[in-house]
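Because the structure is a prediction, the values reported are computed rather than measured. Chain identifiers are assigned alphabetically (A, B, ...) following the order of the sequence lines, protein sequences preceding nucleic acid strands; residue numbering begins at 1 within each chain.
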2 protein chains.
Amino acid sequence: MMKETSDDVIRRLMEEMFNIQNKSKEFMQLLTHDENLSENLVLLLLRLKLYRHMKVTEISEAFMLTPGAGTNMCDKLEDLDYVERIRTKDDRRVVRVSLTKKGEERVEGIFSKFSEEKLKRMSSVLAEINSLFEKIAE
Amino acid sequence: MMKETSDDVIRRLMEEMFNIQNKSKEFMQLLTHDENLSENLVLLLLRLKLYRHMKVTEISEAFMLTPGAGTNMCDKLEDLDYVERIRTKDDRRVVRVSLTKKGEERVEGIFSKFSEEKLKRMSSVLAEINSLFEKIAE
DNA sequence: ATAAATGTTTTAATAGTTAAAACATATTTG
DNA sequence: CAAATATGTTTTAACTATTAAAACATTTAT
C-alpha cells in the first residue's frame, strides 16, 4: 500500500471542502429560491425573526459588510414594507430595525413548505454539524 | 414544562443555521484571508489543484455563474500567471484551464500554514460533517 | 452543404460593494 | 459647562462583479 503524499492529503481535504460548500449552498437554496430576494436579504429577514430587532451596525457585522451596505439592505426591505426602522428613545443615534406584519408573514411563508417534524429533524442534524465544526478550530 | 411552539422550532433551526454559516465563513477565511485574492479566485485555484484542469463551462457551473463570469475569473488568474489556457486538439472549441508552476506554488503556500497532521484531522472532521449533511436532504 | 448544437469571449448595462465624509447624538473630561 | 472624543447611521462617488445578449468559433447531425 502506497504512502499518502502531502498532495493527497490536500486533495482529500479539498474534496471534503467542496462537498460541504455544495451541500450548504443547496440547503440555503432550499430556503431562499423562489423567494425573489437575494440570499442575503432572505437571511436578514430570518435574523430579524430570530433576534426580533437589530441595529444597523449589528446587521453589517453579522454579514461582514460595511455600515453603508447594511443601510442599503435595510432600505430595500423597507421599500418592500418588510421591515421598519424605529429610532430608540434612550439613544436617538441608534435605529432599531424590525419586521413589520408583512415581513413576519413573509418569513412564515418561507418555512411553511416544511412540516414541523421535518424542521425539528433539520435542526437536530444542524446542531450535530455545529459541534463538529467546533472541533476543526482546535 | 411548556410545549415548544412552532415559532420556537423555527427559531432553534435558524440559530443552528446561523452558527454554521458563521463557522464555515470563519473556516473559509482561515484559508483565504491574507491571500489578496477574492474568495472565489482562491477557491478556483484550489479546484484546479484538485481536478488538474477544468473547462470554462465547468468553472462557471461550479460557482453557479454565467459563462461570461467564468471567463472573467480566468482572465484575472491568467493576468497573474497562475493559470494557463490551452485549447484542446480534439475539440478546438473547448479551453482547458490549468495551474501554471506559479499557480501550483501559490496553492502550496495556502496550505503550508498547516501541519500535515492538522490537515488530516481537518479532512476527517469535514468528512463527518458531509455525511451529516446527507441526512438533512432525506 | 446546411442547420443546429456546443463552448468561449465580448459588450454594455446593472447591481452590489466599499471607503470616506457628513451628519446626528452621546459620553467623557478638563 | 464647553470642548473633545466616541458611537451609530446615512450619503456619496468610485469601483468591482455580474448578468444577458450577441458575436464568434468550432463541431455534430441531417
Side-chain angles (χ1 to χ4, degrees), chain A residues 21 25 28-29 32-48 51-80 82-100, chain B residues 21 25 28-29 32-48 51-80 82-100:
Chain A
Q21 196 195 223
K25 230 175 230 175
M28 255 352 175
Q29 288 185 339
T32 64
H33 81 118
D34 77 26
E35 316 298 325
N36 56 346
L37 290 172
S38 79
E39 190 169 305
N40 271 354
L41 289 184
V42 175
L43 289 176
L44 177 51
L45 288 178
L46 299 188
R47 268 185 201 267
L48 288 171
Y51 303 129
R52 298 199 166 78
H53 51 77
M54 297 175 83
K55 302 194 289 181
V56 173
T57 326
E58 289 168 343
I59 290 171
S60 35
E61 273 164 15
F63 291 92
M64 312 215 225
L65 302 173
T66 54
T71 295
N72 195 256
M73 291 172 71
C74 293
D75 287 346
K76 279 178 204 147
L77 292 182
E78 200 176 29
D79 287 347
L80 289 164
Y82 289 154
V83 307
E84 58 192 352
R85 294 185 224 230
I86 298 174
R87 286 212 112 91
T88 59
K89 280 179 192 141
D90 33 321
D91 182 343
R92 304 237 315 290
R93 292 170 308 181
V94 346
V95 170
R96 277 167 50 146
V97 182
S98 57
L99 293 175
T100 60
Chain B
Q21 195 195 224
K25 229 175 231 176
M28 255 351 176
Q29 288 184 340
T32 63
H33 80 116
D34 77 30
E35 317 296 325
N36 56 346
L37 290 173
S38 78
E39 191 172 303
N40 272 355
L41 289 184
V42 174
L43 289 176
L44 177 51
L45 288 177
L46 300 189
R47 268 184 201 267
L48 288 171
Y51 302 128
R52 297 196 167 80
H53 52 76
M54 296 174 84
K55 302 193 289 181
V56 174
T57 326
E58 289 169 342
I59 291 171
S60 35
E61 273 163 14
F63 291 92
M64 312 216 228
L65 301 172
T66 54
T71 295
N72 194 257
M73 289 173 73
C74 294
D75 287 346
K76 278 178 205 150
L77 292 181
E78 201 176 28
D79 288 346
L80 289 164
Y82 289 154
V83 307
E84 61 193 352
R85 291 186 227 230
I86 298 173
R87 286 212 111 91
T88 60
K89 280 178 193 142
D90 33 320
D91 183 342
R92 304 236 316 290
R93 291 168 307 179
V94 345
V95 169
R96 277 167 52 144
V97 182
S98 57
L99 293 175
T100 59

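Residue A:Arg85 places its CZ atom among more than 12 non-hydrogen atoms of other residues, nucleotides or ligands, all under 6.0 Å distant.
Nearest-nucleotide positions on DNA chain C place B:Gly70 closer to the 5' end than the other of A:Lys76 and B:Gly70. Remark on DNA chain C: of its neighbouring residues B:Thr71 and A:Asn72, the 5'-side contact belongs to B:Thr71, judged by nearest-heavy-atom nucleotide.
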Using a cutoff of under 3.5 Å, can you pull out all pairs of nitrogen or oxygen atoms linking the protein to nucleotides 24-30 of chain D, with atom names and distances?
{"from": "D:dT26", "atom 1": "OP1", "to": "B:Arg92", "atom 2": "NH2", "distance (Å)": "3.2"}
{"from": "D:dT27", "atom 1": "OP1", "to": "B:Arg92", "atom 2": "N", "distance (Å)": "3.1"}

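We find that CD of B:Glu39 is positioned 12 Å from P of D:dT18, with the value rounded to whole Å.
A distance-only check finds a donor-acceptor pair linking the side chain of A:Arg87 to the backbone of A:Arg92 [under 3.5 Å].
Between A:His53 and A:Ile86 the shortest side-chain heavy-atom distance does not fall below 4.5 Å. Looking at B:Leu37 and B:Tyr82, their side chains come closer than 4.5 Å, going by heavy atoms from C-beta outward. Counting only heavy atoms from C-beta outward, the side chains of B:Tyr51 and B:Glu58 never approach each other to under 4.5 Å.
Nearest approach of A:Thr57 to A:Ser60, heavy atoms of both residues: O-OG, 3.1 Å.
A heavy atom closer than 4.0 Å to some atom of DNA chain C occurs in B:Lys55, B:Val56, B:Thr57, B:Pro67, B:Gly68, these being the qualifying members of residues 53-69 of chain B.
Protein chain A contacts DNA chain C over a range whose 5' and 3' limits, counting nucleotides with an atom under 4.0 angstrom from a non-hydrogen atom, are C:dG16 to C:dA26.
The residue B:Arg85 sits close only to the backbone: its heavy atoms come under 4.0 Å of sugar-phosphate atoms, none of a base.
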